[in-house]
Amino acid sequence: AYDGKIYLFGGYDDRNSNVVVEYNPATDSWRTRAYMADSRSWATAVTYQDKIYVIGGQSNVAGHEVVQEYDPNTNTWQNRASLPSGRFSAGAVVIGDSIYLVGGFDNSGAAVNDVFEYRPSEDKWYYWDGFDSALAASAVVAVGETLYVINGKDGSGRQCQQNKSAIVGSFEPYGDYLHFGSDVIN
């Protein structure tokens, strides 16, 4: 979401799509925006400083490494530094001046537990060791400087049971390292 509008990037309907649409809840209207360069589904989108970053996604059976920055004010796209490895169904949040990409599925379709940090000012990705649990399709949220990973699909591809797994883990960035919290299982 940006400036009171909701954006949808790509998706899947019998094939991967590069279509971008914008929904304005105030006027209950949709409009098509500039298409992405690549068709993909299961991409992750996050807003940072008036831009929307569309990260990874799935094309055919492989995870995308592509990262694109969309400017909703000019309706234009710019390619950014690629992910170190393909990723789809990952979660992303902004903490400070960084975008954190958490978990997801890799090119083999396996859920992963790693964390990538993207610094837009440098257009560069950094790798951090991840959580104890590999998860994809998780809810990832930031509260202050703490990132929380909630539920998702585990390493076997099964959905975590809602009544058994609430918060899988959390971390806080501290300069050149991440402090990981304990897994919390209900």
Side-chain angles (χ1 to χ4, degrees), residues 1-59 63-83 86-105 115-125 135-153 159-160 162 166-168 170-173:
Y2 172 77
D3 197 28
K5 298 179 180 102
I6 300 168
Y7 293 83
L8 301 175
F9 300 96
Y12 189 85
D13 185 15
D14 292 328
R15 67 182 199 282
N16 289 312
S17 171
N18 64 342
V19 173
V20 177
V21 292
E22 171 191 270
Y23 175 67
N24 185 336
T27 61
D28 191 27
S29 62
W30 293 89
R31 71 176 174 162
T32 303
R33 308 301 289 154
Y35 286 18
M36 295 185 294
D38 298 307
S39 294
R40 49 192 157 148
S41 56
W42 303 105
T44 302
V46 64
T47 302
Y48 173 74
Q49 292 189 349
D50 299 326
K51 306 284 192 300
I52 302 172
Y53 291 81
V54 180
I55 303 166
Q58 184 180 33
S59 176
H64 252 297
E65 297 170 358
V66 173
V67 178
Q68 292 181 301
E69 175 190 271
Y70 175 69
D71 185 335
N73 294 309
T74 62
N75 193 35
T76 57
W77 289 94
Q78 182 175 5
N79 288 328
R80 307 307 287 168
S82 294
L83 282 167
R87 199 60 40 112
F88 62 98
S89 293
V93 295
V94 173
I95 298 177
D97 289 321
S98 294
I99 297 169
Y100 291 89
L101 187 74
V102 180
F105 293 110
V115 177
F116 291 110
E117 176 190 2
Y118 176 70
R119 297 180 187 166
S121 63
E122 300 173 22
D123 192 29
K124 187 173 180 181
W125 287 93
L135 285 177
S138 301
V140 179
V141 296
V143 178
E145 295 291 311
T146 303
L147 181 151
Y148 294 91
V149 180
I150 304 167
N151 226 329
K153 292 192 176 192
Q159 186 71 29
C160 293
Q162 192 171 16
I167 298 174
V168 175
S170 64
F171 74 76
E172 297 177 359

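The two residues R119 and S98 have their closest heavy-atom pair at CG-OG, 3.6 Å. Nearest heavy-atom pair, Y48 versus G96, reported as atom, atom and distance to 0.1 Å: CE1-O, 3.8 Å. Closest non-hydrogen pair, A90 versus L101, comes out as CB-CD1, 3.6 Å. Between A43 and G56, the closest heavy-atom pair is CB-O, 3.5 Å. Residues R87 and G103 come closest through the heavy atom pair CD-O, 3.2 Å. Residues P25 and K5 share a closest heavy-atom pair of CD-CA, 4.3 Å.
A distance of 7.0 Å separates CZ in F9 from OH in Y70, rounded to the nearest 0.5 Å. To the nearest 0.5 Å, atom NZ of residue K51 and atom CD of residue Q68 are 14.5 Å apart. Once rounded to the nearest 0.5 Å, the distance linking CG of D38 with OG of S17 reads 12.0 Å. Rounding to the nearest 0.5 Å places NE2 of H64 at 7.5 Å from OG of S39. Taken to the nearest 0.5 Å, the CG atom of L147 stands 11.0 Å off from the CD atom of E117.
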**Study point:** Criterion side-chain contact (heavy atoms from CB on, under 4.5 Å) on F88 and T44, from CA distance to verdict
**Key:** CA-CA 7 Å; F88 62 98; T44 302; over 6 Å; no

Practice item. Mind running side-chain contact (heavy atoms from CB on, under 4.5 Å) on W77 and V20 for me, showing each step along the way? Key: CA-CA 11 Å; W77 289 94; V20 177; 3.7 Å; yes

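Here the side chain of S89 pairs no donor or acceptor atom with the backbone of A136 at under 3.5 angstrom. The closest donor-acceptor contact from the side chain of D71 to the backbone of T76 lies at 3.5 Å or more, if one exists at all. A side-chain donor-acceptor contact under 3.5 Å links T47 to the backbone of A1. For N18 (side chain) and M36 (main-chain N/O), a donor-acceptor pair under 3.5 Å exists by modelled atom type. Between the side chain of W30 and the main chain of V21, no donor-acceptor pair closer than 3.5 Å is present.
More than 12 non-hydrogen atoms from other residues, nucleotides or ligands lie less than 6.0 angstrom from CH2 of W125. For N73, the CG atom counts as densely surrounded, since its 6.0 Å shell holds more than 12 non-hydrogen atoms of other residues, nucleotides or ligands.
The closest side-chain heavy-atom distance from F116 to I99 is not below 4.5 Å. Residues V94 and Y100 fail the side-chain proximity criterion, which asks for heavy atoms closer than 4.5 Å. At a threshold of 4.5 Å between non-hydrogen side-chain atoms, the residues Q49 and D97 count as touching.
Residues S41 and N16 have side chains that bring a donor and an acceptor to within less than 3.5 angstrom of each other.
A salt bridge links R80 with E69: at least one charged nitrogen is closer than 4.0 Å to a carboxylate oxygen.
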